[in-house]
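Before any comments, here is the structure.
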2 protein chains.
Amino acid sequence: MTTERPYHHGDLRRAVLDAAVEAITEHGPAGVGLRDLARRVGVSHAGPVHHFKDKAGLLTALAAEGFTLLADALDQTVAAGGDIVDLGVAYVRFAVEHRAHFEVMFRPDLHRPGDPALTEARDRAGAALAGGVADRPDPELASVAAWSLVHGFATLWNTGALSRTDRDPEAMVRAFAGSMFLT
Amino acid sequence: MTTERPYHHGDLRRAVLDAAVEAITEHGPAGVGLRDLARRVGVSHAGPVHHFKDKAGLLTALAAEGFTLLADALDQTVAAGGDIVDLGVAYVRFAVEHRAHFEVMFRPDLHRPGDPALTEARDRAGAALAGGVADRPDPELASVAAWSLVHGFATLWNTGALSRTDRDPEAMVRAFAGSMFLT
DNA sequence: GGGCAATCTTTTCACTGTCAAGTTCGTGTT
DNA sequence: AACACGAACTTGACAGTGAAAAGATTGCCC
């Protein structure tokens, strides 16, 4: 009574990426395996290889997708007239809602080094962030400071290091980012 | 012409931890394996197991050691009369100099959950950090903000995301942390 | 000196990533 | 409409990994 699945999956690449997101949110990036993903999707153990070549290839694709999603979210908030604080809140919201993507994005030891799609997506997100502080003295320093603040909060929050508070993460970001970056 | 090494290593636990630090600084936490470490130290592949039980046990021990080292460094700077900015600089310096420890410390998916030695060491470091902002309105928020700022900078720096700048990392921290936390 | 427990080794097992070779299928060509 | 071509997937194999069990070696304490 096997389920008679067709030989061609249809959109295996998408399905594997989604399964990877699911697996990572459950067990972290270390607990994800190609064979396990293949099983979840209902495909032979070497099926994903054809789309990603490598485990590193899969995670690189995931990271690139993550940076693209992030860049979209940031672009959208500036298009809606948001200021720096709104940008920071959007950053944190992305990290919390797309925890799996976010965790992979900043682990270069899991990536295929120098992947063009990844570097392009990352640059897009970086530009969107830097645009929020372009009108300051020493904008480079300001952009690094702003990025550090929200990135640190996001990673600390996601790793559970801030678990003692029961406050709302976005409200916290809005509070201290506002007091630090709005003169 | 085998090297006639004695049956008992002497201090295998220490040696494995050191080898792990070396391996992680080279290939990242994903690229470290128990068998590989055993080889580096010159011991049978199951030797380390007796000291750490698990791969998770090894990494948990490393993380605990890291938090202890960090707490020591922070305590030392307050003992030397340092202010918040000095604390932040010490944090970043630790992350850069003990990159391997630092990378493992904030990856709870690699830890044995609820390990007492780890949680105690982490609390010690947390207390040392929070002590720097105890005299502010809403000290909890201030401590989270300060921690986020330096932690974010440290991780971004270590992952190479800030590679475009050739400035000195400590000087950068001192610059923006000063402008943000000294009234 | 004798025994005991800690330390390390050997063997084995299930599992993983990767490669090479085959099989099935959509798609465009004529 | 038949066909061939290439993309998508499967099958089978291999080396390497983490973990567990059982055996060998040694320092140490009475």
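Because the structure is a prediction, the values reported are computed rather than measured. The sequence lines fix the lettering, A, B, ..., with proteins before strands; numbering per chain opens at 1.
- Within the structure, the salt bridge (Lys or Arg N to Asp or Glu O under 4.0 Å) test picks out the following pairs touching residues 57-78 of chain B (sequence neighbours left out): B:R14-B:E65, B:D72-B:R124, B:D75-B:R124.
- Contact detail for A:L141 and B:M172: the closest heavy-atom pair is CD1-CE, 3.9 Å.
- Salt bridge status for B:K53 with B:D115: absent, with no side-chain N to carboxylate O gap under 4.0 Å.
- Contacts between residues 25-39 of chain B and DNA chain D, defined by a heavy-atom separation under 4.0 Å, are made by B:G33, B:L34, B:R35, B:R39.
- No donor-acceptor distance shorter than 3.5 angstrom exists from the side chain of A:T77 to the backbone of A:A90, with no hydrogens or angles considered.
- For B:R14 and C:dT7, the CZ to P distance is 16 Å, given to the nearest whole Å.
- At a threshold of 4.5 Å between non-hydrogen side-chain atoms, the residues B:W147 and A:L162 count as touching.
- If you take NE2 of B:H45 and C1' of C:dC8, they are 11 Å apart, rounded to a whole angstrom.
- Here CG of B:L156 is found 6.0 Å from CZ of A:F106. Values are rounded to the nearest 0.5 Å.
- Taking the six-membered ring wherever Trp is involved, the centroid distance between the rings of A:F94 and A:H98 falls below 6.0 Å.
- The aromatic rings of B:H151 and B:F102 lie tilted to each other, with the angle between the two planes from 30° to 60°.
- Near-neighbour residues of DNA chain C inside residues 46-60 of chain B, defined by a heavy atom below 4.0 Å, number-ordered: B:A46, B:G47, B:H50, B:H51.
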